A.B. asks: 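First, the structure itself, so that you have it in front of you.
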2 protein chains.
Amino acid sequence: MSRTSRKVEILHAASKIVSQKGIFNLTLEAVALEAGISKGGLLYHFPSKEELVKGMVEHLANNYREKIAGNASMDPVEKGKWIRAYVDVTFNQVYANKDMHSGLLAAKAVNSDLLDPIRELYTEWQSSIEDDGIDPVKATIIRLATDGIWLAELFDIYHIGDEKKDMVYKTLKEWVDE
Amino acid sequence: MSRTSRKVEILHAASKIVSQKGIFNLTLEAVALEAGISKGGLLYHFPSKEELVKGMVEHLANNYREKIAGNASMDPVEKGKWIRAYVDVTFNQVYANKDMHSGLLAAKAVNSDLLDPIRELYTEWQSSIEDDGIDPVKATIIRLATDGIWLAELFDIYHIGDEKKDMVYKTLKEWVDE
DNA sequence: AAAAATATACCGTCCAGATGGTATAGTTAA
DNA sequence: TTAACTATACCATCTGGACGGTATATTTTT
């Protein structure tokens with residue numbers, strides 16, 4: 001247990017650095033400092049920077065997958081449960097999204113192959129969503145719009161206001177049930 | 001003329017490096033090599049790496065703005081012309097999109113403030129789109145879905161197939177005219 | 001018009017500092 | 001005692017960018 005939790009602590013420290021100071025400041029020393037550990041200790045857990053980023057991506061991919069699957073499995077209505085889960089989780093889980101932001105940025109910068117777990121996630125979700133009993137094009141557009149919100153937030157290029165965000169959220173959910 | 005075109009050549013070289021080799025390989029030496037210039041010559045045109053990235057962002061922001069404005073101004077129908085222009089340009093201008101990708105990634109990595117011109121772009125577009133004679137929530141969702149496509153492509157996390165992309169495109173444009 | 005001065009557009013080298021990673025010695029817990 | 005974990009010292013490499021030059025075009029002065 002101690003091993004696992006230490007690792008997770010380190011991953012959180014790494015995420016924090018990426019989101020607050022940018023990818024270029026994701027140095028081993030900075031991560032060690034933020035995690036309250038020595039550089040040697042950090043390298044004991046993650047033998048290279050690439051392994052560290054790989055760990056970030058895998059961790060967040062697993063979390064996200066579980067969260068969406070859990071949400072879908074608790075939905076009383078079968079039709080459209082996956083797209084509803086995707087929309088709900090993505091709109092409302094702000095904290096998890098920030099992890100996603102950091103992981104994506106770090107992986108894209110360090111080595112694009114590290115994004116594979118996320119690609120798998122998306123492939124899974126896309127097929128669940130298309131096989132969800134509602135019009136697949138409409139479902140895809142709903143998913144894309146949801147992605148548009150969090151990806152624009154990731155880059156800080158456009159932050160939708162709270163009221164407008166709410167209206168978009170409601171409209172998208174209505175479309176699922178139409 | 002020679003000054004301007006040299007600068008643009010350098011910016012293209014920088015974009016190419018970012019898109020092909022990632023942000024960590026955007027070094028002054030690599031850009032100089034790709035642009036067929038010496039490091040000293042590069043630094044003559046862009047006195048620091050930050051200035052180089054700033055140049056990338058400003059260049060692509062201006063190009064994009066002109067392209068969308070041009071498209072909107074040539075639309076015979078007033079109602080919905082901005083959202084139509086946004087959808088058309090974003091779906092169809094693949095080359096310009098790649099520049100956008102590189103510029104965003106570089107700016108986000110080097111210094112978030114460099115993204116300001118892109119933020120302005122989005123603010124302008126958003127207000128044009130909302131003041132375009134069609135339901136603003138619907139228009140916003142159409143824009144978000146469009147963003148979702150190119151931002152997912154930016155990260156290589158999800159590439160929509162051509163036929164599906166076409167169907168999404170058609171559906172979005174129908175919604176504009178409904 | 002000739003000479004002098006200045007500006008523009010480059011080039012290649014050098015270096016301090018930062019960084020990823022190794023080696024190694026020490027500590028704690030089972 | 002052993003395995004899990006931590007801390008420190010160290011090294012080789014890379015990078016931004018400062019710097020000193022060169023060549024050519026343009027302007028100013030005489």
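Not measured: the values here are computed from a predicted model.
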A.B. asks: Please give, in whole Å, the distance from C:dA7 P to B:Y44 OH?
C.D. replies: 11 Å
A.B. asks: Under 3.5 Å, side chain of A:D131 to main-chain N/O of A:S127, donor-acceptor pair present?
C.D. replies: no
A.B. asks: Expressed in angstrom and rounded to an integer, what is the separation of B:L33 atom CG from C:dC11 atom C1'?
C.D. replies: 14 Å
A.B. asks: To the nearest Å, how far apart are A:F24 CZ and D:dG16 C1'?
C.D. replies: 12 Å
A.B. asks: C:dC10 C1' sits how many Å from B:H45 NE2, rounded?
C.D. replies: 7 Å
A.B. asks: Taking CD from A:E29 and P from C:dG17, how many angstroms apart are they, rounded to a whole number?
C.D. replies: 15 Å
A.B. asks: If only atom types and distance count, is the side chain of A:R84 paired as donor or acceptor with the main-chain N or O of A:N71 below 3.5 Å?
C.D. replies: no
A.B. asks: Reckon B:L42 touches a base, only the sugar-phosphate, or nothing at all at heavy-atom distances under 4.0 Å?
C.D. replies: nothing
A.B. asks: Quick one: A:I10 CD1 to D:dT6 C1', roughly how many Å, whole number?
C.D. replies: 11 Å
A.B. asks: Would a distance-only check, ignoring hydrogens and angles, find a side-chain to backbone donor-acceptor pair under 3.5 Å from A:K138 to A:W175?
C.D. replies: yes
A.B. asks: Under 4.0 Å between a side-chain nitrogen and a carboxylate oxygen: does that hold for A:D162 and A:K165?
C.D. replies: no
A.B. asks: Taking only N/O atoms, report every protein-nucleotides 17-24 of chain D pair under 3.5 Å with atom names and distance.
C.D. replies:
{"residue": "D:dG17", "atom": "OP2", "partner": "B:K49", "partner atom": "N", "Å": "3.0"}
{"residue": "D:dG17", "atom": "N7", "partner": "B:K39", "partner atom": "NZ", "Å": "3.1"}
{"residue": "D:dG17", "atom": "O6", "partner": "B:K39", "partner atom": "NZ", "Å": "2.7"}

A.B. asks: Mind checking side chain to side chain contact (heavy atoms under 4.5 Å, CB included) for A:A139 and listing every partner two or more places apart, or none if nothing turns up?
C.D. replies: A:I129, A:I134
A.B. asks: In whole angstroms, how far is the C1' atom of C:dC10 from the CZ atom of B:R6?
C.D. replies: 9 Å
A.B. asks: Are A:N111 and A:E50 close enough that a side-chain donor and a side-chain acceptor fall under 3.5 Å?
C.D. replies: yes
A.B. asks: Considering every strand and a 4.0 Å limit on heavy-atom distances, what is the contact class for A:L26: base, sugar-phosphate, or nothing?
C.D. replies: sugar-phosphate
